[in-house]
2 protein chains.
Amino acid sequence: MANQAMPDYETVSGRLKLLAHPERLRILDALRRDAECVCHLEALLGKPQPYVSQQLRILRDAGVIRDEKEGINVFYRLIDAELIGWLEAILGPVQGEHPEMARHKKVISCSCPKCEPAPIPLMHEPA
Amino acid sequence: MANQAMPDYETVSGRLKLLAHPERLRILDALRRDAECVCHLEALLGKPQPYVSQQLRILRDAGVIRDEKEGINVFYRLIDAELIGWLEAILGPVQGEHPEMARHKKVISCSCPKCEPAPIPLMHEPA
DNA sequence: GCAATATATGCAAAAACCCGCATGTGACAT
DNA sequence: ATGTCACATGCGGGTTTTTGCATATATTGC
């Protein structure tokens, strides 16, 4: 009999603001596939590093992503289940790897673990 | 073979901004159930009429709602299928009538057709 | 220790948004 | 035509957002 509870529009719209920004949305679309380090996100957005870190901070302060330090790098992971659901409804389901991301990974070659899939033992000497 | 096309984050985030506002979200949550006239939305929000009209204008200019004049009243209807889907993912499915809306309908008694379900023929004279 | 790399933070100007208020318009009745 | 009711529009100021840039911190290697 009880009708549904009214949603807290204030809270919901506050969380929607996180998505309602093109660069943050792009970041979240990348992170919902896999954790990424800042250097890769920087290449993906094509924006200066402080800019990327600032958007990441907004998302981190809101509690939707978590930073995982790995040596000199920091990987960010999308940890908010509700937001993952919203992204699926808005951007569609995840299919395979992020194309832009994959392209940038081949290009920037930072020192993060993902860029060195196998620490090749480095043969004697080249010609 | 073709990976999914990149969404236009600019466009999507622009549409998300429509939802990322508590009062607009409340309006949309009401309109996804049924068309409503401005006077009822005014009662729902508890805000002055020009304020409500301004939010309605933003939604109308974005093309997600349509105004239908009916005599002296104006009814607004949610006409964007994509947005309806997003709202369902974010606020949950529609179940029954909007409780707040129903309550306000009993209280404000404006002249709109919805407030007079049957134009009672008005008997001779009361006691 | 020092240098280099990866990332974070602080600040300020520009832009956008939010919102109240005065006023405009259009329909209907008298 | 005058008034009234329902709604729309314009405008201005206050607040937040956005974003570029300078700088700070932390880790690694030397």
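Numbered from 1 within each chain, the chains take letters A, B, ... in sequence-line order.
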Common cluster, Val94(B)/Phe75(B), ILVMFWY with side-chain heavy-atom separation under 4.5 Å: no
Residue pair Arg33(A) / Gln95(A): nearest heavy atoms and the distance that separates them: NH1-O, 4.2 Å
Single-linkage hydrophobic cluster, 4.5 Å side-chain cutoff, Leu83(B) and Leu19(A) together: yes
Rounded interatomic separation in angstrom, taking CG from Leu16(A) and C1' from dC17(C): 17 Å
Results of salt bridge (Lys or Arg N to Asp or Glu O under 4.0 Å) for Arg24(A) - residues two or more places apart only: none
Closest non-hydrogen atom pair between Val38(B) and Val52(B), with its separation: CG1-CG1, 4.3 Å
Closest non-hydrogen atom pair, Leu78(B) against Leu31(B): CB-O, 3.9 Å
Residues within residues 51-60 of chain B bordering DNA chain C, heavy-atom distance below 4.0 Å: Tyr51(B), Gln54(B)
For atom CZ of Phe75(A) and atom P of dA6(C), their distance in whole Å: 12 Å
Interatomic distance where CD belongs to Glu68(A) and C1' belongs to dT7(C) [whole Å]: 16 Å
Most 5' of Lys17(A) and Lys47(A) on DNA chain D, judged by nearest nucleotide: Lys17(A)
Whole-Å distance separating the CG atom of Asn73(B) from the P atom of dG26(C): 17 Å
Whole-Å gap separating P (dT7(C)) and CD (Glu36(A)): 12 Å
Contact state string [nucleotides 22-30 of chain D, B base, S sugar-phosphate only, - no protein heavy atom under 4.0 Å]: B----BS--
Separation of dT18(D) C1' from Glu10(B) CD (nearest whole Å): 12 Å
Separation of dA8(C) P from Leu41(A) CG (nearest whole Å): 10 Å
Sugar-phosphate, base or nothing in reach of Tyr76(B), heavy atoms under 4.0 Å: sugar-phosphate
For the student: nearest non-hydrogen atoms of Leu18(A) and Ala62(A), plus distance: CD1-CB, 3.6 Å
Reported OH-to-CG distance for the pair Tyr51(B) and Leu56(B), which is rounded to 0.5 angstrom: 10.5 Å
Between P of dA6(C) and CD of Glu42(A), the distance in whole Å: 9 Å
Nearest-nucleotide comparison on DNA chain C, the residue closer to the 5′ end among His21(B) and Val38(A): Val38(A)
Sub-4.5 Å side-chain heavy-atom contact between Arg15(B) and Val64(B): yes
